[in-house]
Asks: 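This structure is in structure tokens; I'll ask about it shortly.
A note on names: the letters A, B, ... follow the listed sequences, proteins ahead of strands, and every chain is numbered from 1.
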Amino acid sequence: MFWYHVRKRLSAYLHGELRPEESRRVAEHLMICRRCRDEYEEIKFGALMAARLSDDLARAQAPASLWAELEGMIEGAGAPRRRLTPARRPLKIALAGAATLALAFGVFWFYPRAPRPGWDVTRIEGAPKIGSKTVGEVGKLRVGEWLVTDDSSRAEIHVGEIGQVQVDPGSRVRLVEAKADEHRLALARGKMQAFIWAPPRQFYVDTPSAVAVDLGCAYTLEVGEDGQGLLSVVAGWVAFEWQGRESFVPAMAMCVTRPRLGPGTPYFSDASEEFQNALAIFDVAESGSDARSNALQTTLAKSRKRDALTLWHLLARTDGDDRLRVYSRLAELIPPPPQVTPEAVMSGDRAALDLWWEKLELGSAEWWRIWKGPVPSQTK
Amino acid sequence: MKRGAVMSEQAGEGRLIEACQRGDREAFRELFEAHKDRVWTVALRFTGDESAARDVTQQVFLKLFTSIAGFRQESNFKTWLYRLVANECMDEFRKRRRLIPFDFFRPASGDERDEDCGAIEMKEWRQEPLQEERLARLEISEAVLAALAQLKPKLRMAIVLKYFEDLSYEQMSEALGCSTGTVASRLNRGHKALAQKLAHLRK
């Protein structure tokens, strides 16, 4: 672990300007140091505000009259001084022409043979395979290739320079994209444990029913034969997204994702069994059915203050009387700010929901919305 | 942009610069047209004042015109241009501080807006689907601009180059004539100062 404080490096970390090993040390330090984490939150907020300006203000257009004014000033300044070495120019032009030709030839010759980008793979145990080839001690997983582990194999993927993923036995993982700003795997089945130290939204995992978007964290992701997935977050945050439906999952929380339904409602792993079972029924039951209504009733009745995370997500997944019931229970557990009226919540006012989120003390809503650019599309 | 397009753009700019070095006035006009909005944006966001931004932009291009013969193509032209802008902004700041308080980033009121180039005119704002949301964003951005105006000039310039021009730390270090560590430090301090000045928007 990295024990020295990292305050001076925080903006560079946020902007992805640190070397990978340095970035990793900062990420590790932030997990253990409250002081630096608080400072990071402050810097992120400042960065969010600054980024807001560039989002909202288009590039300004210079006044049309500027050239006329400038031309007058140029007249007074006279012509620019000519270069002192004109005799060398033909030689330079010839050399530049030759260099251009050589470059064009090089591109033509090498481009078709350039290997697809890939990530290093290390065998941990057994005989993991990339395609049909067994990985020795190390191998290379290239874009489009599958890494497959049988019941007794395990391997580690080095995610570019931003993290590591351990692939457990019985898994199929494909490398989808290996760009500097988009690192993407697809987990078809099995289990993987990811530890990512890059700034948020650089690492994605496609599953059959949702995309896990790293927001700076460590987590475990499992996908069963039926395509159902389970996300457990160890540190930081992960967003689970599918067709506009999103769940934000903090450390010590979990979220199930199901084919055709997408991410379910997240919950803390220490929630009661009754709460978890009722929530599972609510997530899959048909809208308007008695089963769903009863499951919601149980979920609300068994909720603790800590389960406000789940109830906050339920506000967006219910409507009418059901939403009002969720509102009332959440208001008992975490009283909303004065601006967050029942009317605002009933109409699905995003700003009001964000304000209430702030009261949950799980981190600022702005904090993760700073990364809320469009998510690159699911499996290509 | 694809690599080929970037190379072809650079080659085109290289030819333009060579023509400027030969004293070709039309080529200089073309170079001016290609970069005027870039220079104007940095100057305007730094000074927050159209008259100061006008002075800075004119001085930058005048210096460009008189010294372009000495520019060597192995350097990056845009970085050189940003360096001229940053220096000119600092000079303008020092000059005006001696005369009158610099009225940074004052949002133009209805009567004061210049049809050509308002500092934060409504027409500059990107289209938003909802008028209310647009107004709310306008209000927040005005607060951010005001906070930015209160930053120390070096911190403000770092924020402007990073967020309006999207420069890397390396590019900023070249443009500002300092190390990447100093760039990181200025951004750190700038972010913190903005966060403190805008703390009321956090809740």
Side-chain angles (χ1 to χ4, degrees), chain A residues 7-18 39 41-67 69-71 73-74 76-84 86 89 92-93 96 100 103 107 337 350-351 355 358-359 364 366, chain B residues 11 20-23 25 28-29 32-33 36-41 44-45 50 54 57-58 61-62 65-70 114 116-117 119-120 124-126 136-138 140-141 144-145 147-148 159 162-164 166 168-169 180 184-185 187-188 190-196 198 201-203:
Chain A
R7 279 171 290 170
K8 289 181 180 172
R9 293 177 173 82
L10 292 175
S11 289
Y13 170 70
L14 184 68
H15 288 138
E17 290 272 355
L18 294 179
E39 188 137 343
E41 291 301 321
E42 188 169 29
I43 281 172
K44 270 196 297 194
F45 178 70
L48 167 73
M49 292 288 106
R52 190 146 194 168
L53 281 180
S54 55
D55 286 347
D56 287 349
L57 295 174
R59 169 161 277 170
Q61 290 191 343
S65 57
L66 256 183
W67 173 251
E69 293 162 12
L70 185 64
E71 215 170 16
M73 295 165 83
I74 288 173
R81 190 168 48 87
R82 281 173 181 269
R83 277 186 170 183
L84 296 175
R89 307 192 86 221
K92 277 193 177 175
I93 289 167
T100 308
L103 182 66
V107 168
R350 189 73 188 238
L355 279 174
E358 307 290 346
K359 297 272 285 181
S364 163
E366 291 285 4
Chain B
C20 292
Q21 289 173 327
R22 290 193 300 272
R25 185 69 62 85
F28 188 70
R29 167 101 197 233
F32 169 82
E33 291 297 334
K36 65 178 188 297
D37 290 345
R38 188 188 311 278
V39 174
W40 174 257
T41 299
L44 184 62
R45 299 306 174 215
E50 284 161 25
R54 190 178 284 264
T57 307
Q58 285 171 345
F61 281 103
L62 194 60
F65 179 75
T66 52
S67 58
I68 198 162
D114 180 334
D116 278 347
C117 52
I120 47 172
E124 271 188 17
W125 292 77
R126 297 194 197 287
R137 291 186 77 95
L138 173 68
I140 291 175
S141 290
V144 181
L145 277 173
L148 187 63
I159 296 278
K162 181 69 206 165
Y163 290 95
F164 286 106
D166 197 24
S168 68
Y169 282 25
T180 51
S185 161
L187 283 171
N188 236 20
H191 288 142
K192 280 177 69 176
L194 280 181
Q196 282 158 12
L198 297 166
L201 296 177
R202 268 185 119 151
K203 294 292 172 190

Asks: Applying ring-ring contact (aromatic ring centres under 6.0 Å, His included), name anything that partners Tyr169(B), two or more places apart in sequence or on another chain.
Replies: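 Here the qualifying residues are His15(A).
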Asks: Of the listed residues (Gly16(A), Pro337(A), Ala50(A), Ala351(A)), which shares the most heavy-atom pairs with chain B below a 4.5 Å separation?
Replies: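 Sorted descending by pairs with chain B, the first entry is Ala50(A).
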Asks: Check whether Ile159(B) gets within reach of chain A through its side chain, its backbone, both or neither, counting any heavy atom under 4.5 Å.
Replies: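 Contact with chain A is through the side chain of Ile159(B) alone.
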Asks: So for Glu17(A), is it side chain, backbone, both, or neither that comes closer than 4.5 Å to the heavy atoms of chain B?
Replies: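 Just the side chain, heavy atoms under 4.5 Å.
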Asks: Please look at Phe61(B) and chain A and tell me whether the side chain, the backbone, both or neither of the residue comes under 4.5 angstrom of a heavy atom of that chain.
Replies: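 Its backbone and side chain both get close to chain A.
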Asks: Taking the inter-plane angle between the rings of Phe28(B) and Trp67(A) on a 0 to 90° scale, is it parallel (under 30°), tilted (30 to 60°) or perpendicular (over 60°)?
Replies: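 Tilted, since the angle between the ring planes falls between 30° and 60°.
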Asks: Is a side-chain donor or acceptor of Asp37(B) paired with a backbone partner of Gln61(A) at a separation under 3.5 angstrom?
Replies: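 Not confirmed, Asp37(B) side chain does not pair with Gln61(A) backbone.
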Asks: A side-chain contact here means heavy atoms from C-beta on lying under 4.5 Å apart; do Glu50(B) and Arg54(B) qualify?
Replies: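 No, their side chains stay 4.5 Å or more apart.
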Asks: Considering residues at least two apart in sequence or located in another chain, which fulfil the salt bridge (charged side-chain N to carboxylate O under 4.0 Å, His left out) criterion with Glu33(B)?
Replies: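 By the salt bridge (charged side-chain N to carboxylate O under 4.0 Å, His left out) rule, Glu33(B) matches Arg29(B), Lys36(B).
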Asks: Using non-hydrogen atoms and a 4.5 Å limit, figure out which bit of Ser185(B) sits close to chain A: side chain, backbone, both or neither.
Replies: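 Nothing of Ser185(B), per the 4.5 Å heavy-atom cut-off to chain A.
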Asks: So what's closer than 4.5 Å to chain A heavy atoms on Ser168(B): side chain, backbone, both or neither?
Replies: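 Ser168(B) touches chain A through backbone and side-chain heavy atoms alike.
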